[in-house]
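Down below is the structure, laid out as structure tokens.
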Amino acid sequence: MPKIVLFSIFFSCLVLNSSCVNIPPKTTFENSNVLDSAMVVSAHPLASEIGKSILLKGGNAVDAAIAVQFALTVVHPSAGNIGGGGFMVVRFNDGSHTSLDFRETAPALASKDMYLDDKGNVIDRLSLDGHLAVGVPGTVDGMYSAFKKYGTLKWEELLQPSIDLANNGFVLTKLEAEGLNYYNSNKLKFNSISPTYLEGTWSQGDTLKLTDLGNTLALIRDYQRAGFYEGETAEKFIQEMNRNGGLITKNDLINYQSKWRDPVVGMYKNFKVISMGPPSSGGACLLQILKMIESFNLKKMGFHSADAVHLIVEAEKRAFADRSKYLGDPDFIRIPLEKLLDSNYLIDRMRNYSSLRATISDSIYPGDFDFVESDQTTHYSIVDAYGNAASVTTTLNSSYGSGVVVGGAGFLLNNEMDDFSSKPGAPNLYGLVGGSANAIEPNKRMLSSMTPTILEKDKKLFMVVGTPGGSTIITGVLQTILNVIEFDLSMQDAVSAGRFHHQWKPKEIKIEQNKFDSTLIFQLMQMGHSFNFVGSMNRVDAIVVAKDGSLEPGADPRGDDAYSGF
Ligand code: GLY
């Protein structure tokens with residue numbers, strides 16, 4: 001099990017004393033609860049290295065997160081982005097916490113039925129492919145907002161490593177080369193100006209230079225937020241929209257605002273769980289599931305036992321049913337969050353749970369109470385040397401988003417509009433169904449499943465965790481947490497372990513093939529469960545703080561994911 005031991009942070013902090021004393025929330029190096037190491041775990045080794053270099057300069061977890069976000073835009077284009085959005089949860093070394101919502105919004109010209117035909121049926125892939133699928137990106141505003149509030153290094157320092165990577169080129173891994181070839185064959189048709197990504201068939205070891213993207217990142221370096229939402233980049237963005245019927249206007253770009261929100265916070269046994277609230281469903285669903293299973297003896301049932309998998313799946317079904325009815329953008333609908341997270345309500349949700357039989361999804365409905373309603377993302381986990389932690393999940397939605405690259409500006413645009421409910425009950429890409437709470441409205445944020453999460457134990461930082469994976473994000477984070485705190489797996493084993501998922505509808509357990517033994521599958525089938533076997537789910541990147549204060553990474557072997565630190 002890799003452990004990273006501090007060797008130079010004391011020196012760095014002496015040299016960079018002014019940065020150290022500016023670490024939020026206004027603690028000093030001398031009196032802060034300093035961990036003896038710092039770490040970044042992300043989807044790409046080069047992004048993790050860049051994050052580490054920022055931490056080594058004395059930067060804090062937010063500084064490193066910003067640098068990693070821009071680095072992933074270059075080296076992990078299927079999900080790393082400036083043309084998408086995401087969520088950041090931060091826990092400071094004094095135990096205070098916050099979260100940043102840089103989720104995309106629907107353009108002002110968007111409308112409820114924009115993906116329906118004359119007969120009211122959903123037009124296949126209209127919310128997924130091409131210019132009409134794009135939400136107004138939030139990433140650059142989010143990163144700049146995080147920087148203004150908590151950054152301690154210079155903005156330029158956070159951008160420059162990614163600009164250099166884009167301009168000088170970087171060597172493709174096998175997975176990234178395969179990803180680009182997929183993008184070439186599937187999404188080429190959406191671009192009238194051919195992007196660099198399409199210059200050939202890519203192989204592992206090829207060098208990819210992205211000079212258009214390098215120029216855009218340099219504009220962001222020089223003009224901050226305005227380098228993206230105004231001026232040359234915005235001009236190119238709008239020209240791209242106009243070439244192919246996109247709805248986003250100059251005003252949409254100028255008006256975009258990321259938002260600081262209170263995270264959702266709850267207890268699971270003696271662990272405090274700090275996660276993302278609406279417009280992500282991630283934190284609420286995660287806490288609902290944890291509360292529903294809390295009173296059962298999961299440890300005794302055993303890791304990947306039929307009883308444990310059955311219990312978790314049954315709780316997942318109930319949480320996803322609630323998600324479909326109650327969750328959406330809190331700026332547009334009233335969300336009964338307190339009720340949804342109420343212990344008595346959640347105990348009651350399990351009253352028809354049977355430890356022997358699967359509850360049929362059709363017999364599960366969203367919880368009924370008196371309330372009037374007015375496969376691709378990426379995650380990185382960071383702990384800095386001062387004990388601050390950042391958990392960030394960011395996305396273009398599906399791999400390579402809408403497939404549209406802004407002509408001459410070199411960055412991919414999201415297809416996040418598919419995360420809205422195009423029509424009540426009609427499944428989206430992830431098979432998720434929703435209703436009016438998540439209907440399309442101008443300027444509204446689409447409901448997400450992203451679950452960047454931080455856990456503390458005995459008031460101390462314990463775990464930083466998150467993953468990509470659409471609806472499976474919630475259950476992937478859940479299982480990783482349970483693997484460590486209930487089943488005593490190491491962080492790496494917890495991340496590598498096989499995963500399963502139920503989201504109420506469709507009525508099946510999605511499960512990684514070849515990771516579970518056939519006896520377990522047979523036992524679960526006898527209880528009434530059915531299965532959808534898939535290749536792999538999620539790429540969890542997590543850090544746990546060991547008893548001696550050292551940091552243990554879990555970098556998902558399903559991808560190129562890697563940790564770096566000191
Ligand atoms: N686009 C996936 C999510 O936000 O859940």
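Values below: all heavy atoms of this structure, side chains included; hydrogens, waters and symmetry mates excluded. Numbering of ligands and ligand atoms starts at 1, following listing order. As the structure is a computational prediction, the values presented were derived from the model and not from experiment.
The nearest protein atom to atom 2 (C) of ligand 1, hydrogens excluded, is given as Asp419 OD2, 3.2 Å; this is a heavy-atom distance. From the protein, the heavy atom lying nearest to atom 4 (O) of ligand 1 is Ser448 OG, 2.7 Å. For atom 5 (O) of ligand 1, the closest heavy atom belonging to the protein is Ser449 N, 2.7 Å.
For the 3.5 Å distance criterion, the side chains of Arg91 and Thr98 fail to qualify, holding no donor opposite an acceptor. Side-chain polar atoms of Ser496 and Gln492 form a donor-acceptor pair below 3.5 angstrom.
Using a 4.0 Å cut-off between heavy atoms, Arg103 contacts ligand 1 through its side chain alone, with no backbone atom that close. In Asn397, the parts holding a heavy atom less than 4.0 Å from any atom of ligand 1 are both the side chain and the backbone. In Met446, neither the side chain nor the backbone holds a heavy atom less than 4.0 Å from any atom of ligand 1.
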Asp331/Lys259 under salt bridge (Lys or Arg N to Asp or Glu O under 4.0 Å): CA gap, chis, key distance, verdict: CA-CA 11 Å; Asp331 296 338; Lys259 297 193 173 180; 2.8 Å; yes
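Remark: ligand 1 and Thr395 share no N or O pair separated by less than 3.5 Å (distance only, no angle test).
The residues Asp556 and Arg558 are annotated as salt-bridged, a charged nitrogen and a carboxylate oxygen being separated by less than 4.0 angstrom.
Atoms of ligand 1 found under 4.0 Å from any heavy atom of Met450 (numbered from 1 in listed order, with element): 4 (O), 5 (O).
The one candidate from Thr451, Val264, Thr475 that meets the side-chain contact (heavy atoms from CB on, under 4.5 Å) condition with Leu286 is Thr451.
Remark: aromatic rings of Tyr144 and Tyr229 are distant, center separation not under 6.0 Å.
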